[in-house]
Amino acid sequence: MSAQHQVDTSVSPPTVQIDGCSTIAALFLKRVAELPAKVVIREKDFGIWNEYTWDDFGREAKEAGLGLKALGLNRSDVCSIASEINKEWMFADLGIICVGGVSNGVYPTDAADQVEYLVNDSATRFYFAEDDEQLDKVLAVRERCPTLEKIIIFDMEGLRHLEDPMCISFDDLKALGRAYEQDHPECWAREAAAADAEDLMILTYTSGTTGRPKGAMISQRNMMFMMISLQRSYGIRSSDEQLGFLPLAHVAGRMFYTFVVLESASLVNIVESLETVVRDQQEVAPSI
């Protein structure tokens, strides 16, 4: 398969479309509908490769997105994600985008004071924490983060006895989403259709080398154009596979592992650790 591109700069604002879609939300729902059985994500867990199809991706994103709606998310609300690269990051990201939220990546190596700055600068309402380590950092600063309302945790190992009204598990968020869909069956498609090319879609923060980090504001149209530009440069086919190891808080990781995959309908393999790479279904130590 080869996606059809349209870029028309003779009008203002310019028209940028992929397979007739002008937003990430519309293109994601199109891929899910047209390629339900095609594998899009493979993730290694305890030495075993698990596969997830576009149908799985769509269902997980919908449950996460509608769970946020159940918690009160409004269009343009910011959700931050602090995690290593994993499938949950991708599910939450597309769920946020498709219900009109703004997705912001937080590096898992960021210290608590950096988390505080990013949450406040972005006015984050909903915060996704990978595990107990990431949770501890945001809990340490939440009293100084007035916009923060809810923390969603991907991995509850070691947190099974956690009782905190601000915190819920990712599984509980998805359960909220399933219940919300029962009462609002049209919401997912309606919110995705409401997206506009001009909408702010993601924030990606600078390193802060010369001052406080600044959030680069990337619109739906901006990312759609970048997807077309990367396709023209790299010629990625639907049969191609990538090895995903960069953090998704990094704009390069986000573009290649999420949005290039969306444009090309290709596959991303998420590594279990940086100590090994996969080649011909065998693990070998990387040469440096």
Side-chain angles (χ1 to χ4, degrees), residues 43 45 60-61 63-74 76-97 99 101-177 179-180 202-208 212-215 246-250 253-254 270 272-274:
E43 184 183 57
D45 191 21
E60 295 277 347
E63 291 176 358
L66 293 181
L68 290 168
K69 290 292 293 182
L71 292 174
L73 179 134
N74 300 311
S76 78
D77 282 345
V78 176
C79 305
S80 291
I81 307 174
S83 175
E84 300 287 354
I85 180 173
N86 53 40
K87 64 183 183 301
E88 289 84 4
W89 213 118
M90 299 177 73
F91 297 157
D93 190 29
L94 266 297
I96 293 163
I97 290 169
V99 295
V102 177
S103 181
N104 173 50
V106 177
Y107 287 98
T109 52
D110 283 346
D113 62 332
Q114 293 170 301
V115 169
E116 178 184 354
Y117 171 77
L118 293 172
V119 168
N120 288 330
D121 189 70
S122 64
T124 291
R125 283 189 68 194
F126 302 98
Y127 192 94
F128 290 82
E130 179 181 9
D131 51 20
D132 54 347
E133 178 184 357
Q134 301 305 322
L135 176 64
D136 286 345
K137 288 185 282 189
V138 69
L139 289 181
V141 301
R142 63 175 165 176
E143 298 298 330
R144 300 189 295 276
C145 300
T147 63
L148 183 62
E149 295 183 18
K150 209 72 175 176
I151 301 167
I152 301 102
I153 305 155
F154 289 154
D155 182 359
M156 291 296 292
E157 185 176 356
L159 296 170
R160 290 182 175 83
H161 301 296
L162 175 69
E163 293 186 8
D164 188 311
M166 185 178 274
C167 302
I168 63 170
S169 70
F170 191 56
D171 285 342
D172 286 343
L173 177 74
K174 292 188 296 179
L176 285 175
Y180 190 85
I202 67 173
L203 294 173
T204 181
Y205 274 81
T206 62
S207 62
R212 298 294 271 175
K214 299 172 182 64
L246 289 173
L248 290 171
H250 194 291
R254 196 77 156 284
I270 300 175
E272 189 170 35
S273 70
L274 289 178

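Nothing here was measured: the structure is a model prediction, and the numbers come from that model.
- Minimum heavy-atom separation, Ala64 to Ala92: CB-CA, 4.4 Å.
- In this structure, OG in Ser76 is found 9.5 Å from CZ in Arg125, a value given to the nearest 0.5 Å.
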(request) For Val138 and Leu148, run side-chain contact (heavy atoms from CB on, under 4.5 Å): C-alpha distance rounded to whole Å, both residues' side-chain angles, the deciding distance at 0.1 Å, then the answer. (result) CA-CA 10 Å; Val138 69; Leu148 183 62; 3.8 Å; yes

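- Looking at Ile151 and Leu135, their side chains come closer than 4.5 Å, going by heavy atoms from C-beta outward.
- With Glu43 contributing its side chain and Lys87 its backbone, the two residues share a donor-acceptor pair below 3.5 Å.
- Across Glu149 and Met166, no two heavy atoms sit closer than the pair O-CG, 3.6 Å.
- Contacts of Asp132 classified as side chain to side chain contact (heavy atoms under 4.5 Å, CB included), with partners at least two apart in sequence or in another chain: Leu159.
- Between Arg142 and Asp164, at least one side-chain N (NZ, or NE/NH1/NH2) sits under 4.0 Å from a carboxylate O, which counts as a salt bridge.
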(request) Decide yes or no on side-chain contact (heavy atoms from CB on, under 4.5 Å) for Thr124 and Leu118, but give the supporting numbers first. (result) CA-CA 8 Å; Thr124 291; Leu118 293 172; over 6 Å; no

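- Side-chain contact between Asn104 and Tyr205 is present, with heavy atoms from C-beta onward closer than 4.5 Å.
- A salt bridge links Asp93 and Arg254; the closest N-O separation between the charged side-chain nitrogens and carboxylate oxygens is under 4.0 Å.
- A pairwise comparison of heavy atoms in Pro213 and Thr206 identifies CB-O, 3.3 Å as the closest pair.
- Note that OG1 of Thr147 is 12.0 Å distant from OH of Tyr127, once rounded to the nearest 0.5 Å.
- Among all heavy-atom pairs drawn from Glu130 and Phe154, the shortest one is O-CB, 3.4 Å.
- Looking at Asp171, its side chain never comes within 3.5 Å of a backbone N or O of Lys174 through a donor-acceptor pair.
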(request) Begin with the C-alpha distance, continue with both residues' side-chain angles, and end with the deciding distance and a verdict on side-chain contact (heavy atoms from CB on, under 4.5 Å) for Val119 and Val141. (result) CA-CA 10 Å; Val119 168; Val141 301; over 6 Å; no

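- At a threshold of 4.5 Å between non-hydrogen side-chain atoms, the residues Pro247 and Ile85 do not count as touching.
- Expressed to the nearest 0.5 Å, how far CG of Leu176 lies from NZ of Lys69 amounts to 14.0 Å.
- The side chain to side chain contact (heavy atoms under 4.5 Å, CB included) test with Ile168 singles out one residue from Ile153, Leu162, Ile152, and that residue is Ile152.
- With rounding to the nearest 0.5 angstrom, the CD1 atom of Ile270 is 11.5 Å from the CH2 atom of Trp89.
- Annotation for Val78 and Ser122: closest pair CG2-O, 3.3 Å, computed over non-hydrogen atoms.
- If you take CD on Glu88 and CD1 on Ile81, they are separated by 11.0 Å, rounding to the nearest 0.5 Å.
- Judged by distance alone, with hydrogens and angles left aside, the side-chain atoms of Asn120 form a donor-acceptor pair with the main-chain N or O of Glu116 at under 3.5 Å.
- Across Ala112 and Lys137, no two heavy atoms sit closer than the pair CB-O, 3.8 Å.
- Of the possible donor and acceptor atoms, one in the side chain of Gln114 sits under 3.5 Å from a partner among the backbone N and O of Ala111.
- To the nearest 0.5 Å, atoms CD (Glu133) and OG1 (Thr109) are separated by 9.5 Å.
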(request) Check the pair Leu68 / Phe128 against side-chain contact (heavy atoms from CB on, under 4.5 Å), numbers first and verdict last. (result) CA-CA 11 Å; Leu68 290 168; Phe128 290 82; 4.1 Å; yes

